Asker: 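Before anything else, here's the structure in question.
Please read these numbers as outputs of a predicted model, since none were measured by experiment. Below, each value reflects all heavy atoms present in this structure, side chains not excepted, and no hydrogens, waters or symmetry copies.
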Amino acid sequence: MPLSDAQLSYLNQFGFDQLLLKNWQKGVREGWYSKKNNWLRGEIHAPDGDAIDDFPKRGSDTRAHYEEIGKAALAKGEFGVVILNGGMATRFGGAVKGTVPVLGKRTFLELKAQDIKQAQEQADCTIPVFLMNSFATDGPTHEHCLERGNFGLPEGQLTHFTQFISVRMTEHGDLFKTGDGELSLYGPGHGDFAPALRRSGCLQRFMESGGKYLFLANVDNLGARVSPIVLGYHIEHGRPITVEVTPKWPGDVGGSPFVLDDKLQLVEQVRYPDGFDPDIVDVFNTNTFTFTAEALLEDVDLGWYYVAKTVEKRKAVQMERLVGEMTRFFDSSYLRVKRSGNENRFLPVKTPTDLESSREEISELYP
């Protein structure tokens with residue numbers, strides 16, 4: 001059944017691609033989109049030991065050098081922050097995660113803003129902030145920012161833009177409808193980041209105002225803070241992307257850097273075939289990146305991956321793309337960061353249980 005004019009009118013607000021959806025439907029029906037066809041092909045092995053750099057130690061000349069470079073770029077207004085604030089608002093009882101209180105009344109977004117304001121004070125600069133919302137998080141996030149006075153950020157410093165939207169399918173490739181007859185909508189992954197930033201005009205405006213580097217992190221990773229050291233590392237190494245990776249702990253879920261077809265790149269977990277041992281690499285992707293903005297102008301063809309979901313106790317299928325796959329197209333640097341202590345750069349809070357168990361550590365990072 002074709003989509004109605006009313007449905008298309010709503011979907012088109014968020015960059016909906018009807019032809020792409022029809023292609024997915026055909027692919028699911030004919031079996032060329034499937035879990036098995038996500039699996040990587042080609043020769044894959046662990047990177048050499050020197051392919052991943054350690055976060056520089058306190059007191060080292062290297063650390064001081066990176067920090068000097070980073071502070072200079074901040075002072076010149078060359079740095080901006082993108083916060084991934086999309087998703088479907090399902091893990092915190094239907095509340096949009098960015099608006100959930102973490103420490104007293106301070107929410108995830110408020111803590112992110114606190115970190116940005118502190119970095120600005122130290123560098124005497126202004127850091128543009130871009131929130132990538134989804135259709136599900138956009139309205140509540142705007143309301144929250146308005147209620148909190150944009151967290152004390154001046155007018156125009158905080159900009160919202162939205163990722164794209166699509167429609168879930170049945171396992172037979174038909175449009176998935178919920179029990180009330182409505183389409184089951186979703187955001188097709190954080191791989192939307194670069195094209196959505198371009199579509200919004202935010203990337204072009206950032207660069208026209210002198211911006212050169214963008215820091216990208218999840219709203220729920222409260223360890224991912226503005227760091228002149230990381231920025232200086234990125235600038236010094238001169239590659240379009242810097243990827244922050246961290247040591248694996250038991251039960252961790254996420255992709256890792258591998259050499260695939262003779263190129264070091266992030267390979268996400270959805271691509272691991274049955275029997276593959278990802279622990280041949282002892283770090284994994286934190287989904288925290290520093291980008292040279294100019295590289296984001298290039299429209300690269302990220303892969304689309306088949307993901308099965310349970311919706312209303314039925315199997316649904318959605319196609320997703322992942323920002324880490326940009327490392328397949330651009331040379332990237334890999335920086336091993338800590339995940340404990342006062343230099344922790346990976347403190348993800350995915351569920352209310354995570355929040356309760358992490359609150360003491362969060363309070364140390366955000367006094």
Side-chain angles (χ1 to χ4, degrees), residues 82-115 131-141 143-144 148 163 168 178 184-193 216-225 244-256 268-270 272 278 283-289 305 307-316 318 320 322-324 337-341 344-366:
V82 181
I83 300 173
L84 296 176
N85 185 54
M88 295 300 296
T90 57
R91 291 183 177 176
F92 276 78
V96 173
K97 187 182 292 183
T99 71
V100 170
V102 177
L103 297 176
K105 294 183 178 180
R106 287 182 292 169
T107 63
F108 283 93
L109 283 170
E110 200 154 9
L111 293 178
K112 289 285 186 180
Q114 176 183 322
D115 171 60
L131 294 184
M132 188 173 87
N133 306 324
S134 70
F135 71 95
T137 66
D138 193 49
T141 299
E143 291 174 9
H144 179 63
R148 300 294 174 97
Q163 68 179 119
R168 293 189 177 105
T178 57
S184 183
L185 308 178
Y186 75 103
H190 43 61
D192 284 353
F193 148 66
L216 178 75
N218 292 339
V219 69
D220 59 17
N221 179 6
L222 292 173
R225 294 163 290 162
E244 295 187 34
V245 296
T246 199
K248 286 183 181 178
W249 288 356
D252 280 333
V253 175
S256 294
E268 296 295 348
Q269 188 163 356
V270 71
Y272 297 164
V283 295
F284 79 114
N285 173 28
T286 67
N287 214 50
T288 304
F289 305 87
Y305 297 112
V307 177
K309 295 282 186 179
T310 300
V311 178
E312 296 184 345
K313 299 182 179 180
R314 292 181 289 145
K315 182 179 178 180
Q318 60 190 50
E320 298 182 7
L322 306 168
V323 66
V337 300
K338 295 180 179 179
R339 60 184 305 181
S340 61
N344 184 351
R345 293 191 58 78
F346 185 61
L347 185 55
V349 182
K350 299 298 182 185
T351 66
T353 301
D354 291 341
L355 179 54
E356 290 304 316
S357 63
S358 302
R359 190 168 272 122
E360 182 177 350
E361 190 171 5
I362 295 168
S363 66
E364 293 174 359
L365 298 181
Y366 295 87

Asker: E268 and G255: which non-hydrogen atoms are nearest, and at how many Å?
Answerer: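 Heavy atoms of E268 and G255 come nearest at OE1-N, 3.3 Å.
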
Asker: For the residue pair V219 and L131, establish whether any side-chain heavy-atom pair is separated by less than 4.5 Å.
Answerer: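 Result no, sub-4.5 Å side-chain heavy-atom pair not found.
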
Asker: Indicate yes or no: at least one non-hydrogen side-chain atom of T99 is less than 4.5 angstrom from one of R148.
Answerer: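 Side-chain contact under 4.5 Å: no.
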
Asker: Going by the side chain to side chain contact (heavy atoms under 4.5 Å, CB included) test, name the single residue among T288, N344, T246 that passes it with V337.
Answerer: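 When side chain to side chain contact (heavy atoms under 4.5 Å, CB included) is applied between V337 and each of T288, N344, T246, only T246 qualifies.
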
Asker: Okay, side chain of E320, backbone of Y305: is any donor-acceptor separation there less than 3.5 Å?
Answerer: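 No: the side chain of E320 does not pair with the backbone of Y305.
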
Asker: Output yes when a side-chain donor or acceptor of D354 lies under 3.5 Å from a complementary backbone atom of T351, and no otherwise.
Answerer: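 Answer holds: yes.
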
Asker: Flag the pair Y366 / V102 as yes when at least one side-chain heavy-atom distance between them is below 4.5 Å, and no otherwise.
Answerer: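 With C-beta onward as the side chain, the pair stays apart.
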
Asker: Just by modelled atom types, is the W249 backbone N or O under 3.5 Å from a matching donor or acceptor in the D252 side chain?
Answerer: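 Present.
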
Asker: So, N85 side chain and M132 main chain: donor-acceptor pair closer than 3.5 Å or not?
Answerer: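 Flag not set: sc N85 to bb M132 has no pair under 3.5 Å.
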
Asker: Testing the basics here: between G254 and Y272, what is the closest heavy-atom pair and its distance to 0.1 Å?
Answerer: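 Looking at all heavy atoms of both residues, the closest pair is O-OH, 3.7 Å.
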
Asker: I'd like to know whether NZ of K338 has more than 12 heavy-atom contacts from other residues, nucleotides or ligands below 6.0 angstrom.
Answerer: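 For K338, atom NZ is not crowded (no more than 12 foreign heavy atoms under 6.0 Å).
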
Asker: I need the L216 CG to N287 CG distance, nearest 0.5 Å.
Answerer: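 Answer for the CG-CG pair, L216 versus N287, is 6.5 Å.
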
Asker: Would N218 and K350 satisfy side chain to side chain contact (heavy atoms under 4.5 Å, CB included), going step by step from the backbone distance to the final call?
Answerer: CA-CA 10 Å; N218 292 339; K350 299 298 182 185; 3.9 Å; yes

Asker: Do side-chain atoms of K248 reach the backbone of P278 as a donor and acceptor pair under 3.5 angstrom?
Answerer: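 The answer is yes, because a donor-acceptor pair under 3.5 Å joins these two groups.
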
Asker: Looking only at heavy atoms, what is the nearest atom pair of F135 and L185, with distance?
Answerer: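 In terms of heavy atoms, the two residues are closest at CZ-CB, 3.6 Å.
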
Asker: Any chance you could measure N133, atom CG, to I83, atom CD1, to the nearest 0.5 Å?
Answerer: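 These two atoms lie 10.0 Å from each other.
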
Asker: A side-chain contact here means heavy atoms from C-beta on lying under 4.5 Å apart; do V349 and I362 qualify?
Answerer: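 Yes, close enough: below the 4.5 Å cut-off.
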
Asker: Do you know which of T137, T107, V96 makes side chain to side chain contact (heavy atoms under 4.5 Å, CB included) with H144?
Answerer: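 Result for side chain to side chain contact (heavy atoms under 4.5 Å, CB included) with H144: T107.
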
Asker: Using a strict 4.0 Å threshold on nitrogen-to-oxygen distance, state whether D115 and R225 make a salt bridge.
Answerer: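 No, D115 and R225 are not salt-bridged.
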
Asker: First locate atom OG of S363, then atom CG of L222, and finally report the distance between them rounded to the nearest 0.5 Å.
Answerer: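 So the OG of S363 and the CG of L222 are separated by 11.5 Å.
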
Asker: Where the side chain of R339 meets the backbone of P247, is there a donor-acceptor pair that is under 3.5 Å apart?
Answerer: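 Flag set: sc R339 to bb P247 pair under 3.5 Å.
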
Asker: Heavy atoms, side chains only, cut-off 4.5 Å: are E312 and S184 in contact?
Answerer: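 With C-beta onward as the side chain, the pair stays apart.
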
Asker: Looking only at heavy atoms, what is the nearest atom pair of A224 and A217, with distance?
Answerer: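 Smallest interatomic distance, heavy atoms only, reads CB-CB, 3.6 Å.
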
Asker: Quick check against the 3.5 Å criterion: does K112 have a side-chain atom that pairs as donor or acceptor with the backbone of G98?
Answerer: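 Not a single qualifying donor-acceptor pair exists.
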
Asker: Return the minimal non-hydrogen interatomic distance between L365 and G223, and the atom names on each side.
Answerer: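 Scanning both residues completely, I find the closest heavy atoms to be CD1-CA, 4.4 Å.
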
Asker: For the residue pair G189 and Q163, what are the closest heavy atoms and their distance?
Answerer: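 Heavy-atom minimum between the residues: O-NE2, 3.4 Å.
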
Asker: What I'd like to find out is whether the side chain of L322 reaches to under 4.5 Å of the side chain of H190, using heavy atoms alone.
Answerer: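 Yes. Closest side-chain heavy atoms under 4.5 Å.
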
Asker: More than 12 heavy atoms of other residues, nucleotides or ligands under 6.0 Å from NZ of K309: yes or no?
Answerer: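 Open: at most 12 neighbouring heavy atoms sit under 6.0 Å from NZ of K309.
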
